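Note that the structure is a prediction, hence the values are computed from the model and not measured. Every chain is numbered from 1 and lettered A, B, ... according to where its sequence line falls, protein lines coming before strand lines.
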Protein chains: 2
Amino acid sequence: MNLTVAEENYIKAIYKLQEGDQAVTTNALAYELDTKPASVTDMAKKLKEKKLIDYEKYQGITLTPEGRKTALQVVRRHRLWECFLVDKLSFSWEEVHELAEELEHVRSEKLINRLSDFLGNPVIDPHGDPIPDAHGRMAKPRPQTPLDQANAKRLVVTAVSDQSTALLAFLNAKGIKLGTQLEIVAHYEFDNSIEIKMKHLSSLTISEQVAKNIMVRPL
Amino acid sequence: MNLTVAEENYIKAIYKLQEGDQAVTTNALAYELDTKPASVTDMAKKLKEKKLIDYEKYQGITLTPEGRKTALQVVRRHRLWECFLVDKLSFSWEEVHELAEELEHVRSEKLINRLSDFLGNPVIDPHGDPIPDAHGRMAKPRPQTPLDQANAKRLVVTAVSDQSTALLAFLNAKGIKLGTQLEIVAHYEFDNSIEIKMKHLSSLTISEQVAKNIMVRPL
DNA sequence: TTAATTATTTAGCTTTGTCTAAATTTTAAT
DNA sequence: ATTAAAATTTAGACAAAGCTAAATAATTAA
Ligand SMILES: [Mn+2]
Ligand SMILES: [Mn+2]
Ligand SMILES: [Mn+2]
Ligand SMILES: [Mn+2]
């Protein structure tokens, strides 16, 4: 099955939005892909034809097993390229998503497996997301929660769930990265902001919006 | 000026075929790009519109200075990726062209300049072709001639002018690569085949067709 | 210098992926 | 149970890139 770049992008976006089994809506997919709902409907018909998704009018979209396999391949390529850019070419984590968005479409098993070897077969990408192996299997991530829901006091940052340049740039500015250890000093119920303290630094207060997108686990 | 992948491929092909100032013909370009003359005519109109080529009906195609600049950027990306694949991922020289044909279309100055640094700013690619620098300047290649026209006896292989998998596989089989030193033992005028001898090996005879595509300079 | 051959262009059609505007279906609210 | 709002689909259009078949221009041969 030979997919176009657009088809791969759709499959990956469906994978991303399809938490568990819940069907992905036309509008959500259009928003995620920065396109229009009418375009999504058109593409849904094509992907159904290719047996990559289950789709019935007005009923939303889910990946078939074949579609999920395809999605995992694209995700693998995306995340390995992100590792390459950060580890080998010294890009910072907020710069790599867009480039990987293009590199992920070079389809060569040999290339991607050699790249993985070259990188030491990493299992997480620069944003803390797991990298599927050549068979589509991912190490199941150690349990992690959004910072705004953490109950332990001493925590370590394991991932960021929003990967917009804006959030990543903010985290850079505050010195927060994967592996950063922090302590929760206070919750402020007025706006659900959270005061945190990192070693050797004065404490800072972050918005609920930011806290929701920082994944942590107890230290 | 934002170019499509197809436009970049055309510009690169025109650059390749346009030796000196001679205009590139519609048919030659169609053959090079494995497409049809009618398609070339269509694209020529678009590229003229974008001021990348000079083109008048029936008069053939030449790159404008802007077009040449674009071509050199694409060539730079292509050849740097080939270096990456060979030097870092252990691909052999006959495998890299197709992959580079796709990778070359990821347009990011920052990416390609960092890749170049990472590779040690190489000046020739795995086939002996020069790599343009960030400003489009290439080290002018040291004088080289096709093996079938060499007059010195002791020679060193500097490049291959045909990069088909078939030729490269043949050269692999015979142990001929960039830097290989060889001696011309005999010319056979019946078919213009050439007998050569490499150090520590028995001599072998290669066809004119092969000899034409091996570039050498006197040792 | 005609005539034949070759090269190139034009015309018209196809596929992919997108859009807007209008129609329809589903969901939520009275 | 209607009605209003929101979500989704359809219809019709467009741009990019390709194709085939037919027309035209340029070149070569007789
Ligand atoms: Mn992508
Ligand atoms: Mn990532
Ligand atoms: Mn290419
Ligand atoms: Mn090359």
Quickly, which of B:H97, B:E82, B:E94 forms a side chain to side chain donor-acceptor pair (under 3.5 Å) with B:H127? Name it, please.
B:E82
A:E109: which residues meet the side-chain contact (heavy atoms from CB on, under 4.5 Å) condition with it, sequence neighbours left out?
A:Q73, A:N113
So, OP1 or OP2 of C:dT6: does either fall under 4.0 Å of a side-chain N or O from B:N27?
no
N or O in side chain of A:Y10 less than 4.0 angstrom from C:dT18 OP1/OP2
yes
Under 6.0 Å from the six-membered ring centre of B:F84 and within 45° of its axis: does the NZ or CZ of A:K88 meet both?
no
Comparing nearest nucleotides in DNA chain C, the 5'-proximal residue of the pair B:V24, A:Q59 is B:V24
Quick one: A:E56 CD to C:dT25 P, roughly how many Å, whole number?
15 Å
Is any side-chain nitrogen or oxygen of A:Y58 closer than 4.0 Å to OP1 or OP2 of C:dA23?
no
Any sub-3.5 Å donor-acceptor pair from A:T64's side-chain atoms to A:L52's backbone N or O?
yes
For B:K57 and D:dA25, is the shortest distance between a side-chain N/O and OP1 or OP2 below 4.0 Å?
no
For C:dT10, take OP1 and OP2 only and decide whether either is under 4.0 Å from a side-chain N or O of B:K45.
yes
Side-chain atoms of A:T4 come closest, of C:dG17, D:dT8, D:dA16, to C:dG17
What one should report as the nearest heavy-atom pair of B:L119 and B:C83 is CD1-CB, 3.9 Å
Short of 4.0 Å, heavy atom to strand atom, which residues of residues 34-42 of chain B count as contacting DNA chain C?
B:P37, B:A38, B:T41
What is the separation between atom CD1 on A:I11 and atom P on C:dG17, rounded to the nearest whole Å?
12 Å
Test of understanding: with ring pair (Phe, Tyr, Trp, His ring centres under 6.0 Å), list the residues that count as partners of A:Y10, not counting sequence neighbours.
none
Phosphate contact (C:dA7 OP1 or OP2) by B:T25 side-chain N/O below 4.0 Å:
no
Side-chain N,O (A:Y55) to OP1/OP2 (D:dT9) below 4.0 Å:
yes
